[in-house]
**Q** 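Below is the structure I would like to discuss, written out as structure tokens.
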Amino acid sequence: MSAAAMLLVTLAGCTSGTELPRDSAKPARTKSSATTRPAVTQRPYDKMPARPLGEAAVNDRDHAFLQEAFAIQIPAGHKVPPADEVAVIRRMDAKNGELAWMSDGRTFCYGKIREGYSSYSCGRLPEEAPAPGLLFTIWGEPDRVSNGENNAAVRVVSFVIAEGGPARFDHVKRSKETGPVHQAVARFPSGRMVTFLTFDRPYGPIDPEAEICRSDRKICFPSEDLPL
């Protein structure tokens, strides 16, 4: 992705969580007549919303943050959730941070609030997980509007939804100047849990060895999206 594309963020913009189309220039992979793929396991998706656990739950000090977060209209087809369904992933100060919620087992919204603007990514989880233990990923969105003169201050923020909880995630191989992993756990009425993760790094070159793992090492993934 070019520097220009990485930094085109619209003020008070909203993004959709729909899946990007496949590159038509790449040849289609043909199926072998001798082998068949195993059937996809259908998950028992919860129909009720998840609720945050522990420090991820909204408290009295988050009033101004939520006002700032929901001052703009969120993407079409989604609505502002009740406060007890909002998981606060990161509290930067009284009005800035990151949050997420899932109104059911398939539908999610992620919000990033920075210096007077909010951006949202909402949608449905893909049928095929991006990696074992992961449900959804957004790689490398700039954390603020840039006019091209202050690129050094821009941080590239990633968002991940991982299966399970409350085991914590952290860097195993950490790139230079990469920020900590912020996380919030939410639980559905069925008892199923998910972990929302955000982490940021400077805008610039990719470290192909950078990795984040859950404490039990059952889920690991690159902390920087590797070019295809």
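Here the structure is a predicted model, which means the values were calculated and not measured.
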**Q** Tell me the closest heavy-atom pair linking Arg155 and Gly179, and the distance in Å.
**A**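 Result for this residue pair: NH2-N, 3.4 Å.
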**Q** Which is it for Phe136 and Phe108 under the ring pair (Phe, Tyr, Trp, His ring centres under 6.0 Å) test, yes or no, and what are the steps along the way?
**A** CA-CA 10 Å; Phe136 184 77; Phe108 72 91; 4.4 Å; yes
**Q** Assigning hydrophobic clusters by single linkage (Ile, Leu, Val, Met, Phe, Trp, Tyr; side-chain heavy-atom cutoff under 4.5 Å), is Leu134 placed with Ile212?
**A** yes
**Q** Give the intermediate values and the outcome of salt bridge (Lys or Arg N to Asp or Glu O under 4.0 Å) for residues Glu163 and Arg192.
**A** CA-CA 9 Å; Glu163 188 75 69; Arg192 175 179 172 236; 3.0 Å; yes
**Q** Judged by atom type as modelled, is there a donor-acceptor pair below 3.5 Å linking the side chain of Asp143 to the main-chain atoms of Val157?
**A**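 No.
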**Q** Any chain of hydrophobic side-chain contacts (each under 4.5 Å) joining Ile161 to Met193?
**A** no
**Q** Output all residues satisfying side chain to side chain donor-acceptor pair (under 3.5 Å) with Asp60, sequence neighbours left out; order by chain, then residue number.
**A**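 Asp60 satisfies side chain to side chain donor-acceptor pair (under 3.5 Å) with no other residue.
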**Q** Look at the side-chain heavy atoms of Ile, Leu, Val, Met, Phe, Trp and Tyr, link any pair under 4.5 Å apart, and say whether Met92 and Phe199 land in one connected group.
**A** no
**Q** Are Phe188 and Trp101 near enough that their ring centres are under 6.0 Å apart?
**A** no
**Q** Kindly indicate, with the supporting measurements, whether the criterion salt bridge (Lys or Arg N to Asp or Glu O under 4.0 Å) is fulfilled by Lys112 and Glu141.
**A** CA-CA 10 Å; Lys112 182 170 73 270; Glu141 288 189 347; 3.3 Å; yes
**Q** Quick one: side chains of residues 218-227, donor-acceptor pairs under 3.5 Å with protein atoms, not counting sequence neighbours, listed by atom name and distance.
**A**
unit_1 : atom_1 : unit_2 : atom_2 : d
Glu224 : OE1    : Asp207 : N      : 2.6
Glu224 : OE2    : Ser175 : OG     : 2.7

**Q** Answer yes or no: is there a donor N or O on one side and an acceptor on the other, between the side chain of Arg174 and the main chain of Thr178, under 3.5 Å?
**A** yes
**Q** Could I get the full list of side chain to side chain donor-acceptor pair (under 3.5 Å) partners for Arg168, not counting sequence neighbours?
**A** none
**Q** Specify the closest pair of heavy atoms between Val185 and Gly165, including all atoms of both residues, with the distance to one decimal.
**A** CG1-CA, 4.4 Å
**Q** Which pairs count as disulfide (SG to SG under 2.5 Å) when at least one residue sits in residues 46-92, sequence neighbours excluded?
**A**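 Those involving residues 46-92 do not exist here.
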**Q** Whether the side chain of Ser158 engages the backbone of Gly140 through a donor-acceptor N/O pair (distance < 3.5 Å, no angle test) should be reported.
**A**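 A pair under 3.5 Å: yes.
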**Q** Would one find more than 12 heavy atoms of other residues, nucleotides or ligands at under 6.0 Å from atom CE of Met48?
**A**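 No, CE of Met48 has 12 or fewer neighbouring heavy atoms, counting only those of other groups under 6.0 Å.
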**Q** What are the two closest non-hydrogen atoms of Pro142 and Tyr117, and how far apart are they?
**A** O-OH, 4.1 Å
**Q** Which heavy atom in Tyr110 sits nearest to a heavy atom in Leu99, and how many Å separate them?
**A** CD1-O, 3.4 Å
**Q** Side-chain contact, heavy-atom cut-off 4.5 Å: His171 with Glu211?
**A**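 Not in contact.
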**Q** Using atom types as modelled, flag every donor-acceptor pair under 3.5 Å from a side chain in residues 81-90 to any protein atom, sequence neighbours excluded.
**A**
unit_1 : atom_1 : unit_2 : atom_2 : d
Asp84  : OD2    : Arg51  : NE     : 3.4
Arg90  : NE     : His182 : NE2    : 3.3
Arg90  : NH1    : Asp200 : OD2    : 3.4

**Q** With a cut-off of 6.0 Å (strictly less than), are more than 12 heavy atoms of other residues, nucleotides or ligands near NZ of Lys173?
**A**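 Yes, because the 6.0 Å sphere around NZ of Lys173 holds more than 12 heavy atoms from other groups.
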**Q** Can you tell me how far OG of Ser118 sits from CD1 of Ile74, rounded to the nearest 0.5 angstrom?
**A**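 Reported value, rounded in 0.5 Å steps: 11.0 Å.
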**Q** Between Glu98 and Thr198, is any side-chain donor less than 3.5 angstrom from a side-chain acceptor?
**A** yes
**Q** Can you tell me how far apart CZ (Arg214) and CG (Leu197) are? Round to the nearest 0.5 Å.
**A**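 Spacing of CZ (Arg214) from CG (Leu197) equals 10.5 Å.
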**Q** Does Phe169 have any ring pair (Phe, Tyr, Trp, His ring centres under 6.0 Å) partners at least two apart in sequence or in another chain, and if so, which?
**A**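 Per chain and number, Phe169 pairs via ring pair (Phe, Tyr, Trp, His ring centres under 6.0 Å) with no residue.
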**Q** Is there a side-chain contact between Phe65 and Asp93 (heavy atoms, below 4.5 Å)?
**A** no
**Q** Indicate, with yes or no, if Val80 and Val58 share a hydrophobic cluster defined by side-chain heavy-atom contacts under 4.5 Å among Ile, Leu, Val, Met, Phe, Trp and Tyr.
**A**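 Shared cluster, yes.
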